[in-house]
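Take a look at the structure below.
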Amino acid sequence: MKEGPNIAQIGALIGDPARANMLSALMAGKALTATELAEAGGITLQTASGHLSKLEAGGLIGQRKQGRHRYFALADEAVGKLLEGIMGFAASRGHLRHQPGPKEPALRKARICYDHLAGDYGVRMLDSLISAGAISTSGEKLELTGDGEAHLKSIGIDVTGLKSSRRPLCRSCLDWSERRAHLAGSLGKALLSNFFERGWARRSQNSRSILFTSEGERQFLLLFPLEA
């Protein structure tokens, strides 16, 4: 018997189409019921229950009870990072599912990627921060600069608190629609939360889209300009 991590087991768990669809639905960062996940997977509730048991046993999801209801979510950030990586890799190799419709432009413009901003606006935000010298790059490694820390504190981001967390402050995440990097890590999460708190944007009820208000979009574009 070969020794080492069993990547075949994880691959099999993620590789089933119904389970892949359910995991993708959980990338929105919300906890969902088995009924909601069955709908996302295009399967019956009974079949979904079996899939959820396998995903939980494999350490990919967890559940919590609230009253009579059970809710499922990704087990932790590591699972979100794994799924982000697979999505980005699949997109970079041309493995894309195309489902044309009104949701697609919104998803490509701005969407939630586990807990941070992705899509065109996510890439724009990181590009702007790099251009302004707020974030420095070395290959795929991102680092917040002193000027960047002062700037982010001025718009209400608790950088000191974020630095005390075990989670990486800045992390590069390959965006599947833009084929370029957007900002993940605790800073990416804090920025998206800041937009929600300011009332600039909200989550879509039926997809992973992030919907900006007219004023929120104006403020976002002013805060993250791009050089010509």
Inset, instruction - Output the distance between atom CE (Met125) and atom CD1 (Ile135), rounded to the nearest 0.5 Å. - result: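 Going from CE on Met125 over to CD1 on Ile135, the span is 8.0 Å.
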Inset, instruction - Please name all residues satisfying ring pair (Phe, Tyr, Trp, His ring centres under 6.0 Å) with Trp200, sequence neighbours left out, ordered by chain then number. - result: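 Scan of Trp200 (ring pair (Phe, Tyr, Trp, His ring centres under 6.0 Å), adjacent residues dropped) gives Phe195.
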Legend entry - No-hydrogen, no-angle side-chain donor-acceptor test under 3.5 Å, Thr47 and Thr44: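 Side chains of Thr47 and Thr44: pair found under 3.5 Å.
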Inset, instruction - Answer yes if the side chains of Thr33 and Thr35 hold a donor-acceptor pair under 3.5 Å, and no otherwise. - result: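 No, no side-chain donor-acceptor contact under 3.5 Å.
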Could I get the full list of side chain to side chain contact (heavy atoms under 4.5 Å, CB included) partners for [X], not counting sequence neighbours?
{"X": "Asp127", "value": "Val123, Arg180, Leu226"}
{"X": "Ala134", "value": "Leu129"}
{"X": "Ala31", "value": "Arg64, Tyr71, Ala73"}

Inset, instruction - Evaluate side-chain contact (heavy atoms from CB on, under 4.5 Å) for Leu191 paired with Leu152, printing each intermediate quantity in order. - result: CA-CA 9 Å; Leu191 281 164; Leu152 290 172; 4.0 Å; yes
Inset, instruction - Kindly indicate, with the supporting measurements, whether the criterion salt bridge (charged side-chain N to carboxylate O under 4.0 Å, His left out) is fulfilled by Glu84 and Arg171. - result: CA-CA 12 Å; Glu84 287 172 4; Arg171 185 168 63 78; 3.2 Å; yes
Legend entry - Carboxylate-amine/guanidinium proximity below 4.0 Å for Asp175 and Arg111: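 Result for this pair is yes, salt bridge flagged.
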Legend entry - Arg108 with Glu178: basic N within carboxylate O range, under 4.0 Å: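 No.
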Inset, instruction - Apply salt bridge (Lys or Arg N to Asp or Glu O under 4.0 Å) to Lys109 and list each qualifying residue two or more places apart in sequence or on a separate chain. - result: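 Checked Lys109 against salt bridge (Lys or Arg N to Asp or Glu O under 4.0 Å); matches are Glu217.
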Inset, instruction - For residues 188-198, pull every pair meeting side chain to side chain donor-acceptor pair (under 3.5 Å), keeping only residues two or more places apart or in separate chains. - result: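 Residue pairs passing side chain to side chain donor-acceptor pair (under 3.5 Å), neighbours aside: Asn194-Arg198.
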Inset, instruction - For the pair Asp115 and Arg167, evaluate salt bridge (charged side-chain N to carboxylate O under 4.0 Å, His left out) and give the outcome as yes or no after the intermediate values. - result: CA-CA 13 Å; Asp115 61 3; Arg167 183 177 182 182; 2.8 Å; yes
Legend entry - CD (Glu39) with more than 12 external heavy atoms under 6.0 Å: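 Not more than 12 within 6.0 Å, no.
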Legend entry - Ring centroid separation Phe224 to Tyr121 under 6.0 Å: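 Ring centroids of Phe224 and Tyr121 are no less than 6.0 Å from each other.
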Inset, instruction - Treating Ile, Leu, Val, Met, Phe, Trp and Tyr as nodes and any side-chain heavy-atom pair under 4.5 angstrom as an edge, say whether Leu60 and Ile7 lie in one connected cluster. - result: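 Result: no, two separate clusters.
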